Amino acid sequence: MKQPWYKQRKKFGLQAYIEVEEGLAAVNTVFEMAKDNTQKPYLFNAALHYYSSCRASELSFQELYEDLEKFISDKERRWRECVRIKRGLEDTKEAGGMFKDQVYLIGAVEVLKNRRKIDFHRLYSGKICIKDLQKLEKQQVIEKRDLKFPYFLEDIELYLNILERIAKVNGICSYCLLYTSDAADDLLCVDLGGRRIIKKK
């Protein structure tokens with residue numbers, strides 16, 4: 001089913017949705033792991049891409065490769081991470097890179113912070129961010145008929161409990177901000193444990 005805003009995003013005043021889309025992907029990647037209490041569902045890959053993107057703004061390819069050794073011992077995997085972040089640069093001796101990969105962690109944190117406020121069935125209804133979800137809900141224009149949802153939404157309470165565990169393991173709370181797009185100009189960075197945060201005043 002096509003939603004009313006299909007090919008009419010500008011008319012509905014909808015914002016970019018890539019952060020939430022990729023954030024959901026990052027969270028759902030560790031969903032099965034989080035169901036096993038003997039495992040820790042860390043958002044390692046999302047945090048790694050975020051960290052690498054931040055460091056790439058200051059380091060050359062070789063410097064980034066050496067810097068990532070403390071997180072990635074496997075040389076081939078470390079090389080792939082550097083190639084991923086530095087793709088598109090003509091001269092990899094220069095600082096810079098593809099900073100889009102920050103969206104995985106940014107989106108994951110946004111989803112987890114708002115996990116108890118989100119109607120996930122509606123969020124999955126058609127390429128929308130959380131702010132626009134709230135707006136569209138007020139307008140009562142979201143159609144859920146004939147939509148197919150991921151298997152993990154069949155038991156929404158289980159899903160929310162799993163998100164609760166993922167948030168707890170990664171130290172993400174509802175009253176903290178971890179690098180939002182509003183702070184993009186400051187290029188704030190976090191470590192892989194997600195411990196550098198900005199607390200709401």
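Everything quoted here is computed from the prediction, not taken from an experiment.
With values rounded to the nearest 0.5 angstrom, I128 atom CD1 is found 11.5 Å from E21 atom CD. One distance of note links CG of N114 with CZ of R116; it measures 12.5 Å at 0.5 Å rounding. In this structure, K86 NZ and E94 CD are separated by 8.5 Å, a value rounded to the nearest 0.5 Å. Note that the NZ atom of K75 and the CG atom of L68 stand 14.5 Å from one another [nearest 0.5 Å]. Separating the CD atom in Q134 from the CZ atom in R122 is a distance of 12.0 Å, to the nearest 0.5 Å. For the atom pair K113 NZ and I130 CD1, the distance stands at 8.5 Å (nearest 0.5 Å).
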Exercise for the section: I would like to know whether D74 and R80 meet salt bridge (Lys or Arg N to Asp or Glu O under 4.0 Å); could you show each step before the answer? Expected result: CA-CA 10 Å; D74 184 88; R80 290 199 303 268; 5.4 Å; no
Exercise for the section: Kindly determine whether D67 and K70 satisfy side-chain contact (heavy atoms from CB on, under 4.5 Å), including the steps that lead there. Expected result: CA-CA 7 Å; D67 183 65; K70 57 181 173 283; 2.7 Å; yes
Exercise for the section: Check the pair D132 / Y17 against side-chain contact (heavy atoms from CB on, under 4.5 Å), numbers first and verdict last. Expected result: CA-CA 9 Å; D132 287 337; Y17 58 88; over 6 Å; no
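Under a hydrophobic clustering in which Ile, Leu, Val, Met, Phe, Trp and Tyr are joined whenever their side-chain heavy atoms come within less than 4.5 Å, directly or via other members, I18 and V109 fall into different clusters. Note on L59: it does not cluster hydrophobically with W79, by side-chain heavy-atom contacts below 4.5 Å among ILVMFWY residues. Residues I118 and Y104 fall into different hydrophobic clusters, defined by Ile, Leu, Val, Met, Phe, Trp and Tyr side chains chained together at heavy-atom separations under 4.5 Å. One hydrophobic cluster, built from ILVMFWY side chains closer than 4.5 Å, holds both V20 and L43. Under the 4.5 Å side-chain heavy-atom criterion for grouping Ile, Leu, Val, Met, Phe, Trp and Tyr, V111 is connected to Y151 within one hydrophobic cluster.
Ring orientation note: the planes of F149 and H121 are nearly perpendicular, at an angle over 60° on the 30°/60° scale.
A donor-acceptor pair under 3.5 Å links the side-chain atoms of Q3 to the main chain of S125, judged by distance alone. Side-chain N or O atoms of W5 include none that pairs as donor or acceptor with a backbone N or O of V141 at under 3.5 Å. Judged by distance alone, with hydrogens and angles left aside, the side-chain atoms of N28 form a donor-acceptor pair with the main-chain N or O of L24 at under 3.5 Å. Checked by atom type and distance alone, the side chain of N170 pairs as donor or acceptor with a backbone atom of P41 at under 3.5 Å. Within the 3.5 Å criterion, the main-chain N or O of Q15 finds no donor-acceptor partner in the side chain of K131. Panel note: side chain K93, backbone F61; no donor-acceptor pair is recorded below 3.5 Å. Checked by atom type and distance alone, the side chain of K35 never pairs as donor or acceptor with a backbone atom of L158 at under 3.5 Å.
No more than 12 heavy atoms of other residues, nucleotides or ligands lie within 6.0 Å of CD in Q62, so this atom counts as exposed by the packing criterion. Few gaps surround NZ on K100; more than 12 heavy atoms of other groups in view lie less than 6.0 Å from it.
Contact detail for A34 and I166: the closest heavy-atom pair is CB-CG1, 3.6 Å. Between R9 and K127, the shortest heavy-atom contact is NH1-O, 2.7 Å. Listed here is the closest heavy atom pair of Y124 and P150: CE2-CG, 3.7 Å. Across every non-hydrogen atom of L89 and G97, the tightest pair is CD1-N, 4.1 Å. Contact record, M98 with R84: CB-O, 4.2 Å, taken as the closest heavy-atom pair. Shortest non-hydrogen contact noted between A16 and C129 is O-CB, 3.7 Å.
For the pair F12/Y6, no side-chain contact is recorded, criterion being any heavy-atom separation below 4.5 Å from C-beta on. The closest side-chain heavy-atom distance from K7 to K2 is not below 4.5 Å. At a threshold of 4.5 Å between non-hydrogen side-chain atoms, the residues L163 and F120 count as touching. Residues E164 and R115 are in side-chain contact: their nearest non-hydrogen atoms beyond the backbone lie under 4.5 Å apart. Inter-residue side-chain proximity for V169 and V30 is flagged as unmet; no heavy-atom pair is nearer than 4.5 Å. In this structure the side chain of D119 reaches within 4.5 angstrom of the side chain of K144, judged on heavy atoms.
Under the 3.5 Å distance criterion, with hydrogens and angles disregarded, a donor-acceptor pair is assigned to the side chains of E81 and S52.
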